[in-house]
Structures are given as C-alpha cells and as structure tokens.
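These notes concern the structure reproduced below.
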Amino acid sequence: MVDSVRIVGIGGSLRPGSSSLAALQAALDGATKAGADSQLIAVRDLDLPLYNPHRDVPDPALQFADIAYRADAMIWSTPTYHGSVSGSFKNALDWLILLADRDPPYLSNKPIGLVTTAGGVQGLQAINSMDFIVRALRAWAVPLVMPVAQSWQAFSPEGHITDESVTRQLHVLGEEVVRAAHQFRRDGSCDYSDEQQFAGVATG
Ligand SMILES: Cc1cc2nc3c(=O)[nH]c(=O)nc-3n(C[C@H](O)[C@H](O)[C@H](O)COP(=O)(O)O)c2cc1C
C-alpha cells in the first residue's frame, strides 16, 4: 500500500464567489480522487498583512509556511489581475521567505500545479508569472496548466463552476499533480548536492 501524498492548495481572490477559489477546489477534488490528502487554504481566510521584514511575524503566516513546507506538492490558483497574479496571492507567497533557512530551503522538490481564472484571455500571463515564482522558490511547475479564459462563462456569480469541461480539466490537473508528487517521492528528490556540477549556477 503506497502512502498517500499531501497536496496543499493556496489561492482565490478576496471576493465572495471567487472563481479562482472554486477552480482550486475542483483541482484539489481531482487530487483527492487520485488518492491524495488535500487541504485548501484560501488567501482570503489567511488575511495576511503585507509582507514587512521589520514587523513581528503573524501566526497565520507561520502556519501557512509550515503547512506549505510539509506538503508533498501544491496547487496554486490566482485570479488574473492586470496581466499577472493578484497582489494578495503574491503577498501570501512572499511570506514563504520564512522557509529560506529550512533544509532544504523554500519549496525544494515540490511539484506545483498552476491554475488561473481570467475575465479575458490573458490567463497564460498569470500562469507564466507563477512559473517565475515557482522557480524562485526552488519548486517545479507541472507542465499541464489550467488558465480558464472568460471566467464569467464558466462560473456562476456565486462561484460555482457551470462548465463541466472546466471541472474535468481541473480534475485532470489535480491528478497530474498527484502523479508528479509520487514520482518525486519515489526518486527521493532532485538532488543539488553535487556542488561540482552546480558550481556558479544561481538558484534564487
Ligand atoms: C484588478 C483586476 C484586474 C484584472 N485584470 C485582468 C486582466 O488583466 N486580464 C483578464 O483577462 N482579466 C482581468 N481581470 C478579470 C479577472 O481575471 C476575472 O474576473 C477573474 O475571474 C477574477 O477571479 P475571482 O473570481 O477569483 O475573483 C481583472 C479583474 C480585476 C478585479
């Protein structure tokens, strides 16, 4: 019997009826169906202050960082704002600086599935923005991504998915993240310890 992998989802907007939050839930449902233990963290519920290195670290930031660190893999879901990720979503990720001194640091060796909902057709820009952040945090983006274009057509105002094909694709993304998490677990990690090979290569 293979131990189940732990998948943590972070995302959604601050808006009630957030479509990116509903999309995240659907992707996590796919992960759960594929045998994972899944946990959803809504950015709205975290209610984090803007990251400021000169203030005391709030408990929700510590808890979020710890939960992210213990995950085998993550799914990120942001609304597309001005051709990129939303400020509140990025702020939550900025607090992961708390993982800088862990061993291994940040989100090393974790596959991340990427989802966005966009009012127009610029969702891939938010996906690409997340891809940069994934790499800065030493994680690995799962190749299958899910930018939901014209979200008003696929979600009700209350934040329910109304397009069955969107649900199906989000489930597949969740399954794919679970598959990648098992793969990383089987292979141990992607080992950077060969300093000779990586000498001079920036990883931050
Ligand atoms: C501040 C702001 C900026 C936005 N910028 C874009 C954009 O650049 N491209 C786009 O396709 N949609 C844009 N939208 C529309 C949102 O991406 C869309 O409504 C999305 O589904 C919102 O996610 P939510 O339901 O989780 O709040 C923007 C919305 C807001 C409020």
Side-chain angles (χ1 to χ4, degrees), residues 7-31 38-51 60-61 63-65 67-68 71 73-99 106-107 110-161 163 166-167 169-174 176-177 180:
I7 313 291
V8 171
I10 175 76
S13 69
L14 306 187
R15 194 175 73 76
S18 165
S19 58
S20 50
L21 189 63
L24 179 60
Q25 181 62 68
L28 286 174
D29 289 345
S38 303
Q39 180 177 359
L40 181 146
I41 300 175
V43 168
R44 184 176 55 216
D45 295 342
L46 280 178
D47 198 22
L48 293 171
L50 284 180
Y51 174 72
Q63 284 157 12
F64 167 52
I67 290 169
M74 295 185 81
I75 299 176
W76 294 358
S77 179
T78 180
T80 297
Y81 276 7
H82 298 153
S84 185
V85 301
S86 70
S88 57
F89 176 78
K90 178 60 163 56
N91 183 54
L93 297 179
D94 286 347
W95 280 104
L96 295 182
I97 192 87
L98 296 173
L99 301 177
Y106 298 111
L107 302 178
K110 298 185 204 302
I112 315 252
L114 302 177
V115 177
T116 188
T117 62
V121 292
Q122 292 157 333
L124 261 181
Q125 291 180 208
I127 296 282
N128 289 339
S129 302
M130 286 192 279
D131 203 11
F132 291 135
I133 305 168
V134 165
R135 280 186 275 150
L137 291 172
R138 324 280 169 93
W140 298 74
V142 172
L144 180 71
V145 294
M146 184 57 180
V148 184
Q150 298 183 318
S151 52
W152 47 275
Q153 288 190 328
F155 296 84
S156 70
E158 296 78 31
H160 300 296
I161 305 179
D163 182 336
V166 168
T167 307
Q169 291 172 73
L170 286 162
H171 283 180
V172 170
L173 182 128
E176 196 58 14
V177 171

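The main-chain N or O of S13 is found under 3.5 Å from a side-chain atom of S18 such that the two form a donor-acceptor pair. Counting only distance, with no hydrogens or angles, the side chain of T116 and the backbone of I127 share no donor-acceptor pair below 3.5 Å. Of the possible donor and acceptor atoms, none in the side chain of W95 sits under 3.5 Å from a partner among the backbone N and O of A65. At least one donor-acceptor pair closer than 3.5 Å links the side chain of K110 to the backbone N or O of A71.
Between L48 and P60 there is a side-chain heavy-atom pair separated by less than 4.5 Å. Side-chain contact between Q25 and L21: absent, with no pair of heavy atoms (C-beta onward) separated by less than 4.5 Å. Put simply, the side chain of L99 reaches to within 4.5 Å of the side chain of L107, judged on heavy atoms. Looking only at side-chain heavy atoms (C-beta outward), W76 and L93 come within less than 4.5 Å of each other. You'll find the side chain of L170 reaches within 4.5 Å of the side chain of I161, heavy atoms only. Proximity of S20 to T78: side-chain heavy atoms (C-beta onward) are nowhere separated by under 4.5 Å. Side-chain atoms of D163 and Q153, non-hydrogen and from C-beta on, never get closer than 4.5 Å to each other. I112 has its side chain out of reach of M130: every pair of non-hydrogen atoms, C-beta onward, lies at least 4.5 Å apart.
Note that CH2 of W140 is 12.0 Å distant from CG of D131, once rounded to the nearest 0.5 Å. Atom CZ of residue F89 and atom OG1 of residue T80 lie 10.5 Å apart, to the nearest 0.5 angstrom. For the atom pair E176 CD and L144 CG, the distance stands at 6.0 Å (nearest 0.5 Å). Here the CG-OG distance, from L46 to S88, works out to 10.0 Å after rounding to the nearest 0.5 Å. Distance check: I133 CD1 to D94 CG gives 8.0 Å after rounding to the nearest 0.5 Å. To the nearest 0.5 Å, the span separating CE on M74 from CD on Q39 amounts to 9.5 Å.
Under 3.5 Å, the side chains of S19 and T117 contain a donor-acceptor pair of N or O atoms.
Residues Q169 and M146 share a closest heavy-atom pair of CB-CE, 3.6 Å. Counting all heavy atoms, side chain and backbone alike, P49 lies closest to N91 at O-ND2, 3.0 Å.
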Steps toward side-chain contact (heavy atoms from CB on, under 4.5 Å) verdict (V115, L24):
CA-CA 7 Å; V115 177; L24 179 60; 6.0 Å; no
